[in-house]
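Read the structure below first, then the notes.
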Amino acid sequence: MTDIEKNLKEIFGEISAGNNLGEKITLLGATKFVEASRVNEAISAGLTTIGENHAQEFRDKLPYYLPCEKHFIGTLQKNKLKYVVGKADVIDSVSSADLAEAIDCKAETLGIVQNVMLEINAGDETSKTGTPIESAKTLYKSIIGLKHLKLVGVMAMLPAGKSEEELAELCQNLRAFYDKIRKETPSVNTLSVGMSGDYKTAIKNGSNMIRLGRAIFGERA
């Protein structure tokens with residue numbers, strides 16, 4: 001058994017019981033700087049969902065992937081939309097109304113409806129993208145008003161340097177927002193919170209998708 005297979009077996013075991021609400025947890029493999037062959041090894045071992053951070057890396061690796069659900073989870077610049085829109089199954093990182101409108105326009109030219117997620121900056125950190133949770137409702141209204149976007153969830157990154165209690169409170173706030181919009185928009189079914197350092201706290205507090213890179217593939221080069 002390879003290291004990737006061992007890591008996945010352990011993680012799948014940890015999340016098999018679901019989150020604190022009994023919901024199934026989707027494991028997304030964060031594949032930044034991971035060779036396509038190693039990603040395919042993980043897919044062959046049961047990983048069904050992957051996420052790329054860089055548009056050009058997504059473009060270059062896309063033809064080599066085995067069948068899986070492909071997300072774009074990084075910062076998306078408007079001049080790189082052609083590499084991602086219509087190619088990613090879901091764009092998780094819609095962080096502003098301007099970006100939503102640009103994706104909608106590109107999707108319209110392609111004659112498609114693009115699945116997207118609303119990105120929240122959970123800790124309101126200036127170094128990270130995403131809308132503050134206080135303005136997430138406004139962004140939500142912008143996204144659902146666009147004809148060529150389909151909102152399927154919420155993505156957030158938790159801040160570093162916080163206690164478990166503080167992270168739990170942030171997760172609970174995100175879950176409350178998610179539950180509110182899910183009642184209004186039935187297509188919303190994913191709350192993506194939790195990475196290699198904090199996913200256990202996230203799934204104890206309502207997350208139903210976690211994004212793990214290092215925990216699956218080891219340290220990046």
Side-chain angles (χ1 to χ4, degrees), residues 26 28 30-32 49-59 62 69-159 170-171 173-195 202 206-211:
T26 299
L28 179 148
T31 55
K32 180 173 70 174
T49 308
I50 65 164
E52 289 283 0
N53 281 79
H54 298 131
Q56 284 158 295
E57 184 180 1
F58 179 80
R59 173 201 63 187
L62 186 61
E69 184 171 300
K70 303 165 192 73
H71 290 233
F72 186 81
I73 60 175
T75 302
L76 183 57
Q77 298 170 324
K78 292 179 185 177
N79 64 341
K80 304 286 177 61
L81 292 177
K82 60 186 176 183
Y83 301 142
V84 177
V85 179
K87 297 177 175 65
D89 294 300
V90 188
I91 299 173
D92 297 16
S93 49
V94 179
S95 56
S96 69
D98 284 349
L99 179 58
E101 289 166 8
I103 296 170
D104 179 74
C105 185
K106 181 64 176 175
E108 183 178 11
T109 66
L110 296 172
I112 64 162
V113 174
Q114 175 68 58
N115 292 332
V116 299
M117 294 171 67
L118 182 162
E119 183 184 6
I120 293 178
N121 185 339
D124 200 13
E125 299 170 281
T126 56
S127 60
K128 293 177 183 173
T129 57
T131 189
I133 196 162
E134 294 79 13
S135 56
K137 186 73 173 181
T138 302
L139 178 55
Y140 161 70
K141 291 292 188 184
S142 296
I143 293 171
I144 62 170
L146 295 168
K147 292 182 180 179
H148 299 276
L149 300 187
K150 180 180 179 182
L151 185 66
V152 299
V154 174
M155 180 180 83
M157 184 183 293
L158 297 173
L170 289 172
C171 289
N173 291 340
L174 291 165
R175 181 71 200 204
F177 173 76
Y178 166 78
D179 283 339
K180 186 173 183 180
I181 67 170
R182 187 174 56 148
K183 289 178 182 176
E184 301 173 6
T185 306
S187 58
V188 173
N189 57 25
T190 302
L191 177 59
S192 176
V193 188
M195 298 173 67
S207 174
N208 56 29
M209 174 182 275
I210 55 175
R211 309 184 303 276

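All values reported here derive from a predicted model rather than from experimental measurement.
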(message) I need the E69 CD to T49 OG1 distance, nearest 0.5 Å.
(response) 4.5 Å
(request) Start with the C-alpha distance between I91 and V85, add both sets of side-chain angles, then the distance that settles side-chain contact (heavy atoms from CB on, under 4.5 Å), and finish with yes or no. (result) CA-CA 8 Å; I91 299 173; V85 179; 4.0 Å; yes
(request) Using a 4.5 Å cut-off on heavy atoms from C-beta on, say whether the side chain of L149 contacts that of I103. (result) yes
(request) Supply the atom-to-atom distance T185 OG1 to K180 NZ, rounded to the nearest 0.5 angstrom. (result) 12.0 Å
(message) What's the separation between atom CG in L99 and atom CG in L81, rounded to the nearest 0.5 Å?
(response) 6.5 Å
(request) Carefully, step by step, assess I181 and V154 under the rule side-chain contact (heavy atoms from CB on, under 4.5 Å). (result) CA-CA 10 Å; I181 67 170; V154 174; 3.7 Å; yes
(message) I need the L174 CG to D179 CG distance, nearest 0.5 Å.
(response) 11.0 Å
(request) Search all heavy atoms of R211 against all heavy atoms of A156 and return the closest pair with its distance. (result) NH2-O, 3.0 Å
(request) Over all heavy atoms of both residues, which pair between A100 and V94 is shortest? Give the atoms and the distance, please. (result) CB-CG1, 3.8 Å
(request) Indicate yes or no: at least one non-hydrogen side-chain atom of S192 is less than 4.5 angstrom from one of L28. (result) no
(request) Using the test salt bridge (charged side-chain N to carboxylate O under 4.0 Å, His left out), find all partners of K137 that sit at least two apart in sequence or belong to another chain. (result) E184
(message) With heavy-atom distances below 4.5 Å as the criterion, would you say the side chains of R175 and N208 are in contact?
(response) yes
(request) Search all heavy atoms of L158 against all heavy atoms of C171 and return the closest pair with its distance. (result) CD1-SG, 3.8 Å
(request) For residues K70 and L62, determine if any side-chain heavy atom of one lies less than 4.5 Å from a side-chain heavy atom of the other. (result) yes
(request) Could you tell me whether the side chains of T190 and Y178 share a donor-acceptor contact shorter than 3.5 Å? (result) no
(message) Give me the atom names and distance for the closest heavy-atom approach of N53 to F72.
(response) O-CZ, 3.3 Å
(request) Using side chain to side chain donor-acceptor pair (under 3.5 Å) as the criterion, list what pairs up with E52, not counting sequence neighbours. (result) T31, K61, Y65
(message) Measuring from atom OG1 of T131 to atom CG of L139, what distance do you get when rounded to the nearest 0.5 angstrom?
(response) 5.5 Å
(request) Nearest 0.5 Å please: distance from the CE atom of M117 over to the OG atom of S95. (result) 13.5 Å
(request) Could you check if a side-chain atom of K82 sits within less than 4.5 angstrom of a side-chain atom of K106, using non-hydrogen atoms only? (result) yes
(message) Walk me through whether I50 and H71 qualify under side-chain contact (heavy atoms from CB on, under 4.5 Å).
(response) CA-CA 6 Å; I50 65 164; H71 290 233; over 6 Å; no
(request) Provide the closest heavy-atom pair for L76 versus A55 in the form atom of the first, atom of the second, distance. (result) CD1-CB, 4.4 Å
(message) I want to check something: taking the side chain as every heavy atom from C-beta on, are I143 and V116 in contact at a cut-off of under 4.5 Å?
(response) yes
(message) Using every non-hydrogen atom in the two residues, find where M155 and D92 come nearest and quote the distance to one decimal.
(response) SD-CB, 3.5 Å
(request) Measure the shortest side-chain to side-chain distance between E101 and D98 over non-hydrogen atoms and say whether it is less than 4.5 angstrom. (result) yes
(message) Between K150 and Q114, is there a side-chain heavy-atom distance shorter than 4.5 Å?
(response) no
(message) Apply side-chain contact (heavy atoms from CB on, under 4.5 Å) to residues Q56 and K80 and explain how you reach the verdict.
(response) CA-CA 8 Å; Q56 284 158 295; K80 304 286 177 61; 3.3 Å; yes
